[in-house]
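For this chain, numbers begin at 1 and follow the sequence in order. Computed from a predicted model, the values in this text were never measured in an experiment.
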Amino acid sequence: MRPRVGIICNPAILDGTYKVHAGGVMNTEAVAEVTNALPLLIAADPRFVTVEELLESFDGFLFTGGRPNVHPEEYGEAATEAHGDFDRSRDAITLPLIRELTRRGQPYLGICRGFQEVNVAFGGTLHPEIRDLPGRMNHRMPPDGTIEEKFELRHKVTFGESGPFHRLFGAREVMTNTLHGQGIKSAGGRIVVDGHAPDGTPEAIYVDGAPGFTLSVQWHPEYRAAEDPVSRPLFTAFGDAVRAWAEGGRQPVRLSA
């Protein structure tokens with residue numbers, strides 16, 4: 001039996017009328033083929049699931065990207081037009097889930113919005129639009145073109161020497177894609193920014209002192225994860241952590257106050 005990885009879904013509208021919980025096939029492929037875990041989609045909405053149930057039902061979690069952004073009220077700011085769309089239901093599940101997973105040492109991998117959720121969960125803040133900041137590049141996905149063109153490698157990420165990402169990839173610099181509008185403004189209290197784009201934008205983080213796997217990235221490693229020399233070791237390491245958790249047995253749920 002493969003370990004179970006919960007993939008956080010996003011709300012979507014099918015055929016313009018029918019509400020669905022959507023999960024990208026790229027995420028499912030990465031979890032099944034590289035992490036070697038059983039991928040299961042999660043409706044991230046407190047009407048349907050609780051944090052306690054999720055903790056006991058899965059061995060690890062993938063916090064995916066998504067068009068809706070974390071609501072700025074979650075980090076003490078007022079919403080503006082620049083902040084875009086929101087998903088308060090996902091906020092209500094993912095932020096406490098991330099904190100509790102970290103406390104327990106239960107593994108998770110954050111991608112794009114998931115990366116930003118990890119930062120916000122520990123008190124960090126976000127810029128609503130990176131490209132509007134002086135000296136920053138446009139990190140958004142190209143509006144036109146093929147999938148290959150949208151996910152092409154567009155900039156370097158440089159990691160801290162001897163940090164977890166340097167050790168994982170065996171290199172201080174790697175090339176990544178970039179498909180995000182928002183980004184970290186201030187890092188949360190336990191968040192270590194271990195990788196930056198050439199313009200200084202944070203691209204790789206982990207939680208200081210966490211007993212488990214908490215690596216999160218601003219780019220999208222799920223694209224061609226089995227083939228990409230950066231994506232594959234990231235999802236493989238996540239899979240090792242998930243299997244270690246599954247084999248070690250689950251601890252009783254005792255949520256933090």
- Task: Given salt bridge (Lys or Arg N to Asp or Glu O under 4.0 Å), test Glu222 with Arg232 step by step and report yes or no.
- Result: CA-CA 9 Å; Glu222 72 272 23; Arg232 188 171 188 87; over 6 Å; no
- Message: The test is ring pair (Phe, Tyr, Trp, His ring centres under 6.0 Å); show your working for Phe63 and Tyr108 and say whether it passes.
- Response: CA-CA 7 Å; Phe63 293 92; Tyr108 60 84; 5.8 Å; yes
- Message: For Glu74 and Asn69: C-alpha separation, side-chain torsions, deciding distance, then whether side chain to side chain contact (heavy atoms under 4.5 Å, CB included) applies.
- Response: CA-CA 11 Å; Glu74 298 291 351; Asn69 295 312; over 6 Å; no
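Nearest heavy-atom pair across Gln182 and Gln218 is O-OE1, 3.8 Å. What you find for Asn119 and Ala187 is that their closest heavy atoms are OD1-CA, 3.3 Å. Between Ser57 and Glu53, the shortest heavy-atom distance links the atoms OG-O, 2.6 Å. When all heavy atoms of Trp245 and Asp59 are compared, the pair lying nearest together is CD1-O, 3.4 Å. Shown here for Ala197 and His139, the closest heavy-atom pair between the two residues is CB-CE1, 3.8 Å. Between Ser89 and Asp45, the shortest heavy-atom distance links the atoms OG-OD2, 3.6 Å.
Atom OH in Tyr223 sits 10.5 Å away from atom CG in Leu179 (nearest 0.5 Å). Taking CD1 from Ile8 and CG from Asn27, the interatomic distance works out to 11.0 Å, rounded to the nearest 0.5 Å. Note: Thr125 OG1 to Gln116 CD = 11.0 Å, rounded to the nearest 0.5 Å. Thr35 OG1 to Leu62 CG: the interatomic distance, rounded to the nearest 0.5 Å, is 7.5 Å. Rounding to the nearest 0.5 angstrom, the gap separating the OG atom in Ser216 from the CD1 atom in Ile111 is 9.0 Å. Between the CG atom in Leu109 and the CZ atom in Phe213 there is a gap of 5.5 Å [rounded to 0.5 Å].
Thr176 is not listed as a side-chain neighbour of Arg154, based on a closest heavy-atom distance of 4.5 Å or more. Between Glu100 and Glu52 there is no side-chain heavy-atom pair separated by less than 4.5 Å. Within the 4.5 Å cutoff, side-chain heavy atoms of Arg140 are placed close to those of Arg131. Thr28 is listed as a side-chain neighbour of Ile7, based on a closest heavy-atom distance under 4.5 Å. Taking 4.5 Å as the limit, every side-chain heavy atom of Asn36 sits out of range of all side-chain heavy atoms of Phe235. Side-chain atoms of Pro11 and Lys19, non-hydrogen and from C-beta on, never get closer than 4.5 Å to each other. Inter-residue side-chain proximity for Pro39 and Val5 is flagged as unmet; no heavy-atom pair is nearer than 4.5 Å. The shortest side-chain heavy-atom distance between Pro128 and Pro72 does not fall under the 4.5 Å cut-off.
Between His21 and Phe48, the ring planes are perpendicular. Angles over 60° get that label, and only those under 30° would be called parallel.
Within 6.0 Å of the CZ atom in Arg88, the count of heavy atoms belonging to other residues, nucleotides or ligands exceeds 12. For Lys156, the NZ atom sits in a loose shell: 12 or fewer heavy atoms of surrounding residues, nucleotides or ligands are nearer than 6.0 Å.
A single hydrophobic cluster is not seen to contain both Ile130 and Val193; linkage of ILVMFWY side chains at heavy-atom distances under 4.5 Å, directly or through other members, places them apart. In the hydrophobic clustering of ILVMFWY residues, with side-chain heavy atoms under 4.5 Å counting as a link, Tyr206 and Leu95 come out apart.
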List the atom pairs, with distances to 0.1 Å, where a side-chain N or O of residues 157-172 and a protein N or O form a donor-acceptor pair under 3.5 Å, not counting sequence neighbours.
from	atom 1	to	atom 2	distance (Å)
Thr158	OG1	Glu173	OE2	3.2
His166	ND1	Ser162	N	2.8
Arg167	NH1	Ser162	O	2.5
Arg172	NE	Phe159	O	2.5
Arg172	NH2	Phe159	O	3.0

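A donor-acceptor pair under 3.5 Å is absent between the side-chain atoms of Asp87 and the main chain of Val70, judged by distance alone. Under the 3.5 Å distance criterion, the side-chain polar atoms of Ser231 are left unmatched by any main-chain donor or acceptor of Ala225. Panel note: side chain Gln106, backbone Phe58; a donor-acceptor pair is recorded below 3.5 Å. Of the possible polar contacts, none joining the Asn177 side chain to the Glu152 backbone as a donor-acceptor pair under 3.5 Å is found. Counting only distance, with no hydrogens or angles, the side chain of Arg190 and the backbone of Asp208 share a donor-acceptor pair below 3.5 Å. The closest donor-acceptor contact from the side chain of Thr214 to the backbone of Val207 lies under 3.5 Å. The backbone N or O of Ile98 lies less than 3.5 Å from a partner atom in the side chain of Thr102, making a donor-acceptor pair. Of the possible donor and acceptor atoms, none in the side chain of His127 sits under 3.5 Å from a partner among the backbone N and O of Glu129. Glu33 places no side-chain N or O within donor-acceptor distance of the main-chain N or O of Ala30, the cut-off being under 3.5 Å. The backbone N or O of Ala37 sits less than 3.5 Å from a side-chain atom of Arg2, completing a donor-acceptor pair.
A salt bridge does not link Glu247 to Arg243: none of the charged side-chain nitrogens sits closer than 4.0 Å to a carboxylate oxygen. Looking at Glu117 and Arg99, no side-chain N of the basic residue comes within less than 4.0 Å of a carboxylate O on the acidic one, giving no salt bridge.
Between Phe115 and His180, the ring center distance fails the sub-6.0 Å criterion.
In summary, of the residues considered (Leu54, Val49, Leu55), a side-chain contact (heavy atoms from CB on, under 4.5 Å) with Val51 occurs for Leu55 alone.
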